[in-house]
Amino acid sequence: VAPGNPGMVGLERTSVAPEQIEADLYVIGPEAPLVDGIADRLRAKGGLVFGPGADGARIEGSKAWMKALLADAGVPTAAYGSFDDYQQAAAFLRSLPGPWVVKTDGLAAGKGVLVAHELDEALADLRAKLDGVSFGQAGRRVVIEEGLSGPELSIMAICDGQRAVALAGAQDFKRVGAGDTGPNTGGMGAYSPVPVAPPAVVDEVMERAVLPTLSELRRRGIDYRGVLYAGIMLTPDGPKIIEFNCRFGDPETQVILPRWESDVTELLAAAAAGRLDSVPAPVFGVGAAVTVVLAAPGYPEEPQTGARIQGLGAARSQPGVHVYAAGVALAPDGEGLVTAGGRVLSVTGLGCDLGEARHAAYAAAGRIDWPGLVMRPDIALAASGTGHPISSARLTPTPSSTSTEEEMRA
Ligand SMILES: Nc1ncnc2c1ncn2[C@@H]1O[C@H](COP(=O)(O)OP(=O)(O)O)[C@@H](O)[C@H]1O
Ligand SMILES: [Mg+2]
């Protein structure tokens, strides 16, 4: 892992630049290096790379570009306009009935979208974005959309340039506060499977959104090999695409990886080689996973960092639990870890249904502490109460927690 972070266990880390490393397969994690063209540089050296080049990564790097691509592909999505001029943008906003949606065109770590129920709030946000005050260059162009409503769903598709295969669906929680209140974040928790998205919905999303998008990319000469992450809203008029990301999204991936039972590396290598037809479709366990994000106080506006993390070992030793580390650093005195970012840890619990997985996640998360720790209490609450529990008799007898640890190491 280059560079990874000191909270990762069972993985070898290096500070050497990826371009200097010899590897059989490169899997690029985050969006910024993809947008910056790291996959192109590795491919130019002959590397087998899972992740789109800079041309394909624009699907996440520019929402205006993505919306135009979807329009050309005929993919259902919110009506929109894209602007760099305040007067034109304000006139378009005023013409919409609300709620009003104002998005930065460029990357904003999941914080660049305002969904406002007051026009004045949307206009003030628009001004701050276009002036470069709130998001710098990323906000100097905006996408304004009609407000949609309905449950959200994330479907990640593994693409090899012409074929695509869906992973298990997941749902994340974007708002910082319980009951979906407060500002948007990079994600405060997630769960999988999603009871409102049975296989027929996943198939519909693949046929009406993911495959047409992949075809349109090809038509434009873009050989897209990597994840097409579809952010979807299940509106009364059917599924609509909210956005595409160019990589494994978090926190959704933290509930999908532990459920992934077939060979992950084999699938990614086949996609990177343009040969998805040469491997079997991915298989997911019948159980459920729930992840709860532990954030620093002040997140997302002004996270306060540098606090010592207590109880990480105790949480990690719980059965059926994975703790993923994000914003962490080694403590200055060398004793354990301190918080070093907005979203610090993500605690995933596994179970035979969402209720059990939720219980495991919160029990382990409750062992972890630092001053002012923020976590939502209601991740997967509604879904675990109203969903369809899976009977434990259908659970695979294999010890899932150890096999997933091995998968993570692989
Ligand atoms: N047109 C829309 N109508 C209603 N809500 C929206 C709309 N677009 C985005 N949202 C909300 O804002 C969140 C973030 O928007 P998204 O386009 O996914 O940006 P990003 O993930 O880059 O911050 C979505 O998950 C959704 O909750
Ligand atoms: Mg999103």
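In listed order, ligands and their atoms are each counted from 1.
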(message) Whether Arg218 engages the ring of Tyr224 as a cation-pi pair (distance to the six-membered ring centre under 6.0 angstrom, angle to the ring normal within 45°) should be assessed.
(response)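 No.
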In the protein, what heavy atom is nearest to [atom], and what distance, to one decimal place, separates them?
{"atom": "atom 26 (C) of ligand 1", "value": "Glu152 OE2, 3.2 Å"}
{"atom": "atom 21 (O) of ligand 1", "value": "Glu243 OE2, 2.9 Å"}
{"atom": "atom 13 (C) of ligand 1", "value": "Asn184 ND2, 3.7 Å"}
{"atom": "atom 11 (C) of ligand 1", "value": "Val115 CG2, 3.8 Å"}
{"atom": "atom 14 (C) of ligand 1", "value": "Lys174 CE, 3.7 Å"}

(message) Does any N or O of ligand 1 fall below 3.5 Å from an N or O anywhere on Leu148, backbone included?
(response)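 Between Leu148 and ligand 1, an N or O pair is found under 3.5 Å apart.
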(request) Could you check which of Val113, Ile241, Asp180 puts a non-hydrogen atom nearest to atom 15 (O) of ligand 1? (result)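 Result: the heavy atom closest to atom 15 (O) of ligand 1 is in Val113.
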(request) Would you indicate which of Lys103, Glu31, Lys67 comes nearest to atom 17 (O) of ligand 1 when only heavy atoms are counted? (result)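 Closest candidate by heavy-atom distance is Lys103.
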Hey, are [Y] and [X] close enough side-chain-wise for a donor-acceptor pair under 3.5 Å?
{"X": "Thr348", "Y": "Gln254", "answer": "no"}
{"X": "Tyr191", "Y": "Gln171", "answer": "yes"}
{"X": "Thr305", "Y": "Thr339", "answer": "no"}
{"X": "Arg141", "Y": "Ser82", "answer": "yes"}
{"X": "Ser192", "Y": "Arg259", "answer": "yes"}

Check ligand 1 against [X] and write out every atom of the ligand that is under 4.0 Å from a heavy-atom position of the residue.
{"X": "Gly147", "result": "3 (N)"}
{"X": "Gly110", "result": "23 (O)"}
{"X": "Val101", "result": "1 (N), 2 (C), 3 (N), 7 (C), 8 (N)"}

(request) Take every heavy atom of Arg175, measure it against each atom of ligand 1, and state whether any distance is under 4.0 Å. (result)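 It does not, in that no heavy atom of Arg175 comes within the 4.0 Å cut-off of ligand 1.
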(message) Looking at ligand 1, is there an atom of it that comes within less than 4.0 Å of some heavy atom belonging to Glu146?
(response)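 Within the 4.0 Å threshold, so yes.
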(message) Quick test of your reading of the model: are Asp172 and Lys174 salt-bridged, counting only N-O distances below 4.0 Å?
(response)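 Looking at Lys174 together with Asp172, the answer is no, because their closest N to O distance does not fall below 4.0 Å.
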(message) Measuring centre to centre across the rings, with the benzene-like ring taken for any Trp, is Tyr229 within less than 6.0 Å of Phe248?
(response)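 Between Phe248 and Tyr229, which both carry aromatic rings, the centre distance is not below 6.0 Å.
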